[in-house]
Protein chains: 2
Amino acid sequence: MENRIIQYITRYIDLTPEETAIINAQNQIKTFTKDTILLREGAFAKECYFILKGCIRSFYLVDGEERTTALYTENQGVHPVSYLTNEASAYYLSCLEDCVVAISTAEMGKKLLEAVPKLQRVLLQMSSELLIQNRTDLDHFKNLSPEERYIHLLETRPDLFKRVPLQHIATYLGITPVSLSRMRKRITGGYKANSGYLLTKDNFLEKLYQ
Amino acid sequence: MENRIIQYITRYIDLTPEETAIINAQNQIKTFTKDTILLREGAFAKECYFILKGCIRSFYLVDGEERTTALYTENQGVHPVSYLTNEASAYYLSCLEDCVVAISTAEMGKKLLEAVPKLQRVLLQMSSELLIQNRTDLDHFKNLSPEERYIHLLETRPDLFKRVPLQHIATYLGITPVSLSRMRKRITGGYKANSGYLLTKDNFLEKLYQ
DNA sequence: CAACCCAATTCATTATTATCAAAAAAATAC
DNA sequence: GTATTTTTTTGATAATAATGAATTGGGTTG
């Protein structure tokens, strides 16, 4: 499981066995049960995470309603804004499933960078990729209709639909659970009408893109 | 004017006179007239920019309509996704005003980093700040209503309303120019009704936050 | 100064989504 | 396996923004 981290890094640079050992020695693996809150609004994030197994959700609490803003799964890093800025967090982080994560703190990260300086290049590259992803996400969100966003999510992260409650996907898409439910009915309903076949939610996409 | 660049960098790290000289020697300053297209959809961005004077707009062309996604002004860097990924650009970059910019290419950047290695730290820091900004922007866009987004923009970047046509601000806010016009009337109209005073668009905000 | 162009506003109508409330379905606990 | 939550779906209505089309306003140009 720890090898995932090494795999992740070696997508960017090569590591000597020594460097690999240093990194693995630093790894602090922890397990959290479902519904564990990793970060609360107003709290200060002291750690960031790399998900080895499970799913972590970030959400804002607006007028008592949860608004999901990110869904992280295996092999993704979770770097709370609060962790990066040392300011109080504006949002929550919570485990949607039992999770196994590698944890890093600011001090650990600093030490690791001193021990393996070329990791700086990896960080910069990762940071750049994250930035691109975020900008693209924002552009998509602005330019696509809710339905187009739903289809896009279905295409790019179909796994989410098998593990994340629809209510969270709804707010992640920027709509209400009620609207998402209707939208799904409309879309699959339309397909049924055209084909004459009854499709479940699960095999709809396969049919659509086969 | 070039000093702006040095000022920008020294917010993050100190520079020796030699390093300052190296950086200034690299600076390539260019002027573009209003409406110059710096990057077209489908083209490959070869340069990134630091705005010394003027305003640059990025927009997508969707069904023949321009959808503004970013508005850059003085002391901001413009790093096209296409520049970072070496892929064809999905959007346009255009000068909303006559612009004076410092230009950097991938080769120039690489050379500069070799000459002044500690700039890597600046890059990482900048990258991190940009990431935070983008994530916050996306979260805001998702969680705020169009009207709240308008108010927020009025608060955070009031300068834009003095130099950017409302139609571009509208699509930047994710609404149509028609809706923005109505919204502005509604908001200022409501204030007039409450106060009994006629306020112009320019002094409305001052009154609101005095 | 008049003709023209583009931006902004306004009106009437349509399309979407949100909201409130309730029922059905699914998941979880006992 | 039944009871109890929680999630999802459905219905009726209200709120909001989009659309198509026309008008007004400001600024530019000849």
Distance in angstrom units between [X] [atom1] and [N] [atom2], rounded:
{"X": "L173(B)", "N": "dA8(C)", "atom1": "CG", "atom2": "P", "value": "13 Å"}
{"X": "K34(A)", "N": "dT7(D)", "atom1": "NZ", "atom2": "C1'", "value": "11 Å"}
{"X": "I169(A)", "N": "dT9(D)", "atom1": "CD1", "atom2": "P", "value": "11 Å"}
{"X": "I187(B)", "N": "dT9(C)", "atom1": "CD1", "atom2": "C1'", "value": "16 Å"}
{"X": "D35(A)", "N": "dT6(D)", "atom1": "CG", "atom2": "P", "value": "11 Å"}
{"X": "F161(B)", "N": "dA8(C)", "atom1": "CZ", "atom2": "P", "value": "12 Å"}
{"X": "E66(A)", "N": "dT6(D)", "atom1": "CD", "atom2": "P", "value": "12 Å"}
{"X": "Q167(A)", "N": "dT7(D)", "atom1": "CD", "atom2": "P", "value": "4 Å"}

Worksheet item: Between the two end axes of the helix from dC1(C)-dG30(D) to dC30(C)-dG1(D), each built from 5 base pairs, what angle do you get to the nearest 10°?
Response: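 Helix axis angle between the two ends: 40°.
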Protein N or O to nucleotides 24-30 of chain D N or O, pairs below 3.5 Å:
none

Practice prompt. With sequence neighbours left out, write down each residue that passes ring-ring contact (aromatic ring centres under 6.0 Å, His included) with F141(A), or none if nothing qualifies.
Written response: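 Scan of F141(A) (ring-ring contact (aromatic ring centres under 6.0 Å, His included), adjacent residues dropped) gives F141(B).
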Worksheet item: With sequence neighbours left out, what residues match F50(A) under ring-ring contact (aromatic ring centres under 6.0 Å, His included)?
Response: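 Listed in chain order: Y8(A).
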Worksheet item: Of all residues at least two apart in sequence or in a different chain, which pass the side-chain contact (heavy atoms from CB on, under 4.5 Å) check with A43(A)?
Response: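 A43(A) satisfies side-chain contact (heavy atoms from CB on, under 4.5 Å) with L39(A), R40(A) only.
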Practice prompt. Output all residues satisfying side-chain contact (heavy atoms from CB on, under 4.5 Å) with E129(B), sequence neighbours left out; order by chain, then residue number.
Written response: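 Checked E129(B) against side-chain contact (heavy atoms from CB on, under 4.5 Å); matches are R11(B), Y12(B), Q125(B).
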Could you list the protein-to-nucleotides 17-19 of chain C atom pairs, N/O on both sides, closer than 3.5 Å?
residue, atom, partner, partner atom, Å
dA18(C), OP2, T176(A), N, 3.4
dA18(C), OP2, T176(A), OG1, 3.3
dA18(C), OP2, S179(A), OG, 2.3
dT19(C), O4, R182(A), NH2, 2.8

Worksheet item: For the residue pair F59(B) and Y92(B), does the interplanar ring angle fall in the parallel (under 30°), tilted (30 to 60°) or perpendicular (over 60°) class?
Response: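 It falls in the parallel class, under 30°.
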Fill in: Given dT28(C), dT9(C), dT10(C), the nucleotide with the shortest approach to the side chain of K185(B)
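Output: dT10(C).
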Only pairs under 3.5 Å count here: list side-chain donor-acceptor contacts from residues 98-112 of chain B, not counting sequence neighbours, and write none if there are none.
residue, atom, partner, partner atom, Å
D98(B), OD1, K34(B), N, 2.6
T105(B), OG1, M108(B), N, 3.2

Worksheet item: side chain to side chain donor-acceptor pair (under 3.5 Å) with Q120(A): which residues, sequence neighbours excluded?
Response: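 For Q120(A), no residue satisfies side chain to side chain donor-acceptor pair (under 3.5 Å) once neighbours in sequence are set aside.
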Practice prompt. Please list, chain by chain and in numerical order, all residues satisfying side chain to side chain donor-acceptor pair (under 3.5 Å) with Q26(A), sequence neighbours excluded.
Written response: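 Partners of Q26(A) under the side chain to side chain donor-acceptor pair (under 3.5 Å) test: none.
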Practice prompt. Compute whether any side-chain donor of one residue and acceptor of the other, for Y150(A) and R184(A), lie under 3.5 angstrom apart.
Written response: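 The criterion, which ignores hydrogens and geometry beyond distance, is satisfied for R184(A) and Y150(A).
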Worksheet item: What pairs with E147(B) under salt bridge (Lys or Arg N to Asp or Glu O under 4.0 Å), at least two apart in sequence or on another chain?
Response: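 With sequence neighbours excluded, E147(B) shows a salt bridge (Lys or Arg N to Asp or Glu O under 4.0 Å) to R186(B), given in chain and number order.
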Fill in: All salt bridge (Lys or Arg N to Asp or Glu O under 4.0 Å) counterparts of E97(B), not counting sequence neighbours
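Counting only residues at least two positions away or on another chain, E97(B) forms a salt bridge (Lys or Arg N to Asp or Glu O under 4.0 Å) with R163(B).
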